[in-house]
**Q** 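Quick one: this structure, given as structure tokens, is what I'll be asking you about.
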Amino acid sequence: MKATWEPEKANMQKLVARKDAVLQNPTPMSVGQLCEELCRAELAGEAVKLSLEMVRREPDNVAYLLVAAFVLSTHVFRYDIAVALLRKAMLLEPDNPAIKIMLAQALIVNGDLAGGTALFSDIIKLYPSQRVAATVQIAQVFLRMGYPMEALNILLFAVQQEPGQPALYNAVGCALGCLNRAGEALPWYEQALRLAPHDEGIQLGAAIATLKAGHYAKGWELFAQRAHKLTSVTKWFAQFPRLQPDNDVAGKTVVLFQEQGLGDTLQFIRFAPALVARGARVTVAVGSALVRLISQSYPDLIVRDAVQFGLDERYDYALPIPNLPYVTRMQGTADIPDTMPYLCADPQDVARFAALLPAAGPRIGLVWSGDRRTSAQDVMANQLRSSTLPVMAGALTPVNATLVSLQLGSPREDMAEWHGQPVCDLMDSVTDMADTAAIIASLDLVISVDTSVLHLAGALGKPVWLLSRWDACWRWLDSGETTAWYPTMRIFRPQERSFAPVLRQMGEALQTWVATWHATHPTP
């Protein structure tokens with residue numbers, strides 16, 4: 001049976017072949033379009049080679065300079081090279097405001113706040129017609145780099161100069177949300193939506209702010225209207241009718257598919273049994289990392305790898321997993337299923353990993369970073385939410401406990417740079433989230449940045465400490481040390497861009513926690 005992802009693989013091969021054809025007869029438009037297609041197909045390296053080859057061939061062609069700068073800054077986070085390319089483009093076309101806006105953004109991301117801000121000031125003075133677009137773009141860069149107050153000040157000044165611009169109202173709402181002032185952001189989003197009621201970006205921002213303010217009934221309704229993040233695999237599920245709260249599902253087949261990150265799936269899968277209770281036959285389509293964990297935790301669900309569905313299969317309804325709170329009519333935190341813990345580890349897996357762990361307790365699991373991807377948006381987001389092992393462990397140790405790494409991916413390379421208290425690392429033996437759950441089952445505490453392992457520990461009912469980012473994710477609200485989503489979680493919130501002060505606070509709290517653990521677990 002032909003699988004849904006095979007055509008996409010063939011398309012990737014065609015894109016690589018097309019690169020040679022484009023190089024034979026290039027134009028800025030054909031090169032730019034192919035670079036975008038290559039990046040969408042996760043072939044950003046090929047796009048970089050193509051764009052830089054055209055700059056080498058025609059070094060004074062502004063169009064090729066801009067294509068290369070866009071690829072390097074947007075898809076591989078090489079703003080240092082992008083700055084050099086944009087400076088040359090600006091020399092060739094000194095009166096082009098679009099180039100100046102791109103350069104101002106690149107300078108800020110590359111660490112030259114003064115240079116970027118000065119260029120931005122020149123832009124709004126010299127090109128009044130570009131004032132709104134330039135302000136919004138520069139403010140977005142400030143927000144992504146972790147400077148929300150600077151962004152807010154710029155935006156509030158711009159609103160006074162240019163009233164009635166939905167993009168500015170939306171950006172103010174975003175800045176306030178990043179400052180953990182979601183309630184104050186809502187009127188700005190409402191005004192933006194009155195002016196641009198069909199703007200999907202504004203709708204999503206309003207939904208996130210509404211949820212972060214704790215207004216769940218309205219928040220889930222808005223969130224369900226977002227443009228869904230569909231991949232070459234999950235777009236197949238979009239052909240089926242989208243499940244709505246008032247649909248009768250008795251006797252119907254419903255497929256729930258993973259739309260966003262692993263953490264979202266782990267957080268919201270707890271609502272799936274509500275559909276089973278209403279008589280639905282529920283199939284869950286997730287990545288291979290989650291199949292075994294969800295299967296062993298929910299025997300009433302049919303759990304399958306998302307890439308294993310055939311094109312001839314049919315379902316009465318489909319639903320992205322993050323929409324489950326909406327279709328099950330969650331109105332407030334009291335409607336979160338009271339089923340803690342709602343995920344479980346396999347006892348045989350627990351015994352297998354327990355035999356490999358050091359015997360001395362307490363055992364404390366560590367996750368210091370999210371996945372380090374290459375796109376500019378992902379890199380900037382990860383810089384704000386992630387730490388390194390030397391920074392995190394340096395603040396938490398020495399401590400009278402056994403440290404256990406739960407870190408996956410390229411951040412595991414940090415282990416080579418850490419020469420302090422030993423950290424036990426069994427992750428080479430981990431094949432999926434069920435294995436990670438089995439390790440966590442033998443731990444006494446998990447300390448993590450905002451990643452999927454954090455959700456896993458909370459869903460397993462394990463004590464877990466969150467090292468939050470300064471602009472906390474909507475699910476942790478604007479303030480507070482606890483969350484209704486995971487009763488065993490404690491939230492440590494930075495009050496500034498640096499993790500250093502909050503890590504010191506966490507280190508002090510850990511010393512107290514470990515002392516209490518030893519007092520209640522005396523050595524025989």
Side-chain angles (χ1 to χ4, degrees), residues 77 109 111 143-148 178 180 261-263 363-399 401-427 430 436 439-440 443 445-458 462-473 475-476 481 483 486 489-514:
F77 203 74
V109 177
L143 290 175
R144 290 172 183 167
M145 291 300 294
Y147 300 102
C178 289
N180 299 313
L262 296 178
R363 297 165 171 169
I364 300 172
L366 299 179
V367 181
W368 52 89
S369 178
D371 190 15
R372 293 173 183 164
R373 301 173 185 171
T374 59
S375 75
Q377 185 171 350
D378 288 334
V379 169
M380 286 189 276
N382 196 53
Q383 285 179 340
L384 296 177
R385 74 162 173 165
S386 294
S387 182
T388 66
L389 176 60
V391 170
M392 177 181 276
L396 301 181
T397 62
V399 64
T402 293
L403 302 181
V404 179
S405 170
L406 297 172
Q407 182 70 58
L408 282 172
S410 59
R412 287 185 68 202
E413 296 169 3
D414 289 0
M415 296 280 289
E417 301 176 13
W418 173 243
H419 306 291
Q421 181 170 338
V423 179
C424 175
D425 183 13
L426 303 180
M427 300 308 283
V430 168
T436 304
I439 295 176
I440 292 174
L443 303 182
L445 173 67
V446 173
I447 299 175
S448 176
V449 295
D450 201 344
T451 66
S452 58
V453 175
L454 178 91
H455 291 273
L456 177 59
K462 188 66 60 174
V464 55
W465 289 2
L466 163 62
L467 177 61
S468 178
R469 50 185 287 174
W470 59 267
D471 58 336
C473 175
R475 67 199 84 218
W476 317 128
E481 289 190 356
T483 172
Y486 302 111
M489 181 181 290
R490 179 178 177 183
I491 304 173
F492 290 80
R493 297 178 184 266
Q495 300 303 309
E496 55 193 278
R497 196 168 183 263
S498 170
F499 277 132
V502 73
L503 277 172
R504 285 195 295 271
Q505 176 194 354
M506 183 178 277
E508 293 169 359
L510 183 61
Q511 295 293 338
T512 301
W513 185 92
V514 168

**Q** Give me the atom names and distance for the closest heavy-atom approach of Val446 to Leu443.
**A**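 Smallest interatomic distance, heavy atoms only, reads CG2-CD1, 4.1 Å.
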**Q** Given Leu406, which of Leu366, Ile364, Ile440 fulfils the side-chain contact (heavy atoms from CB on, under 4.5 Å) condition?
**A** Ile440
**Q** Tell me if a side-chain donor or acceptor on Gln495 pairs with a main-chain N or O of Arg493 at a distance below 3.5 Å.
**A**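 Pair found, side chain donor or acceptor close to backbone of Arg493.
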**Q** Shortest non-hydrogen contact from Ser452 to Leu262?
**A**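 For Ser452 versus Leu262, the nearest heavy atoms are CB-CB, 3.7 Å.
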**Q** Looking only at non-hydrogen atoms, find the nearest pair between Trp368 and Pro411 and report the distance.
**A**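 Answer, listing the atom of Trp368 first, then Pro411: NE1-O, 3.2 Å.
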**Q** In plain terms, say whether Asp450 and Arg469 are close enough for a salt bridge, that is, a side-chain N and a carboxylate O under 4.0 Å apart.
**A**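 So Asp450 does not pair with Arg469 through a salt bridge.
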**Q** Backbone N or O of Val404 within a donor-acceptor pair of the Asp425 side chain at under 3.5 Å?
**A**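 Not at all, since once roles are kept as given, no pair shorter than 3.5 Å links the two residues.
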**Q** Asp471 side chain to Cys178 main-chain N or O, any donor-acceptor pair under 3.5 Å?
**A** no
**Q** Only counting residues at least two apart or in another chain, list the ones meeting side chain to side chain donor-acceptor pair (under 3.5 Å) with Ser448.
**A**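 In terms of side chain to side chain donor-acceptor pair (under 3.5 Å), with neighbours along the sequence ignored, Ser448 is linked to Thr451.
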**Q** Which atom pair, heavy atoms only, marks the closest approach of Met392 to Ser387?
**A**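 Nearest heavy atoms, Met392 then Ser387: N-OG, 3.8 Å.
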**Q** Testing the basics here: between Met427 and Gln407, what is the closest heavy-atom pair and its distance to 0.1 Å?
**A**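 It is CG-O, 3.5 Å.
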**Q** Among residues at least two apart in sequence or on other chains, which ones pass side chain to side chain donor-acceptor pair (under 3.5 Å) with Trp470?
**A** none
**Q** Spell out, as yes or no, whether a donor-acceptor pair under 3.5 Å connects the side chain of Ser468 to the backbone of Phe492.
**A**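 Checked: no pair found.
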**Q** Considering all heavy atoms of both residues, which atom of Pro494 and which atom of Ser498 are nearest to each other, and what is their separation?
**A**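 Closest pair (atom of Pro494, atom of Ser498, distance): CB-O, 4.2 Å.
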**Q** Is the Trp476 ring parallel, tilted or perpendicular to the Tyr486 ring (thresholds 30°, 60°)?
**A**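 Tilted, since the angle between the ring planes falls between 30° and 60°.
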**Q** Checking Gln421 side chain against Ala401 main chain: does a donor-acceptor pair fall under 3.5 Å?
**A**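 Yes, Gln421 side chain to Ala401 backbone: donor-acceptor pair under 3.5 Å.
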